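I have placed the structure first, in the form of structure tokens, so that the comments after it can refer back to it.
Only a predicted model underlies this, so the values are computations on that prediction, with no experimental measurement involved.
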Amino acid sequence: MDQNGIDICQRWFREFWGQGIASVVDEIAIADVKLSYPLMGCLKGREPLKTEIKSFHQCFSGSSFNPIGRFIAGDTMIVRWKVDTFYSGVFGGLPEATGKKIHFTGISILRVVDGKIAEDIGEEDRLAIVQQINSKN
């Protein structure tokens with residue numbers, strides 16, 4: 001992956017995931033971009049991604065999305081990340097909103113084709129999310 005691909009992946013984490021800027025999808029993702037995460041399901045195309053990231057940020061408000069490690073091979077970047085957020089909505093089959101501050105980690109595998117995000121496949125620590133939402137503290 002060249003520096004442009006690395007920059008695109010960093011923008012994806014900063015703007016799409018971290019800030020919930022849906023319009024960045026039009027700029028830095030291919031038209032039939034694929035995204036798959038347990039909480040979001042499998043999505044294909046820019047419009048479904050833009051809709052889902054807006055919902056994600058409505059439910060996980062004030063998110064701080066921080067990459068904490070990465071590995072690059074060919075056209076792929078694997079990123080380990082952590083999120084600090086408030087759970088303030090209902091999302092992905094999770095229990096009702098609690099307004100609690102929660103923290104969770106995950107991993108993403110991004111594939112870049114012709115300088116654009118083609119695929120974002122990942123896993124988040126759903127167990128940690130549910131345990132924190134349901135905790136009495």
Do [X] and [Y] come within less than 4.5 Å of each other through their side chains, counting heavy atoms only?
X: C9; Y: R70; result: no
X: I6; Y: M77; result: yes
X: Y37; Y: L43; result: no
X: V25; Y: W12; result: yes
X: K50; Y: D26; result: yes
X: L35; Y: F16; result: yes

A quick test of your reading: do over 12 heavy atoms of other residues, nucleotides or ligands sit less than 6.0 Å from [atom1] of [X]?
X: D114; atom1: CG; result: no
X: K34; atom1: NZ; result: no
X: K101; atom1: NZ; result: yes

Would I117 and V112 count as a side-chain contact (heavy atoms from CB on, under 4.5 Å) here? Give the steps.
CA-CA 5 Å; I117 301 292; V112 175; 4.1 Å; yes
Distance-minimising heavy-atom pair for [X] and [Y]:
X: H57; Y: S63; result: CE1-CB, 4.0 Å
X: M40; Y: I53; result: CE-N, 4.1 Å
X: E123; Y: P38; result: OE1-CG, 3.5 Å
X: V79; Y: P67; result: CG1-CB, 3.7 Å
X: V33; Y: L49; result: CG1-CD2, 3.7 Å
X: C42; Y: S36; result: SG-OG, 3.2 Å

When you measure from the side chain of [X] to the backbone of [Y], do you find a donor-acceptor pair of N or O atoms at a distance under 3.5 Å?
X: E124; Y: L39; result: yes
X: T85; Y: S61; result: yes
X: Q132; Y: H103; result: yes

Atom pair [atom1] ([X]) and [atom2] ([Y]), whose distance is rounded to the nearest 0.5 Å:
X: S23; Y: R46; atom1: OG; atom2: CZ; answer: 11.5 Å
X: W81; Y: N66; atom1: CH2; atom2: CG; answer: 11.0 Å
X: M1; Y: I72; atom1: CE; atom2: CD1; answer: 6.0 Å
X: L110; Y: D75; atom1: CG; atom2: CG; answer: 10.5 Å
X: Q131; Y: I102; atom1: CD; atom2: CD1; answer: 11.5 Å
X: C59; Y: K54; atom1: SG; atom2: NZ; answer: 14.0 Å

Fit a plane to each ring of W17 and F56, take the angle between them on a 0 to 90° scale, and name the class: parallel (under 30°), tilted (30 to 60°) or perpendicular (over 60°).
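The rings of W17 and F56 stand perpendicular, inter-plane angle above 60°.
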May I ask you to check whether F86 and F60 place their ring centers less than 6.0 Å from one another?
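No, they do not, as the ring centres are separated by 6.0 Å or more.
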Hydrophobic side-chain clustering at under 4.5 Å (ILVMFWY, transitive links): who's grouped with I109? Put none if nobody.
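Grouped by the 4.5 Å side-chain rule, F71, I78, I107 form the rest of the cluster around I109.
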So, using salt bridge (charged side-chain N to carboxylate O under 4.0 Å, His left out) as the criterion, who are the partners of R126 when residues are at least two apart?
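Partners of R126 by the salt bridge (charged side-chain N to carboxylate O under 4.0 Å, His left out) criterion come out as none, since no residue qualifies.
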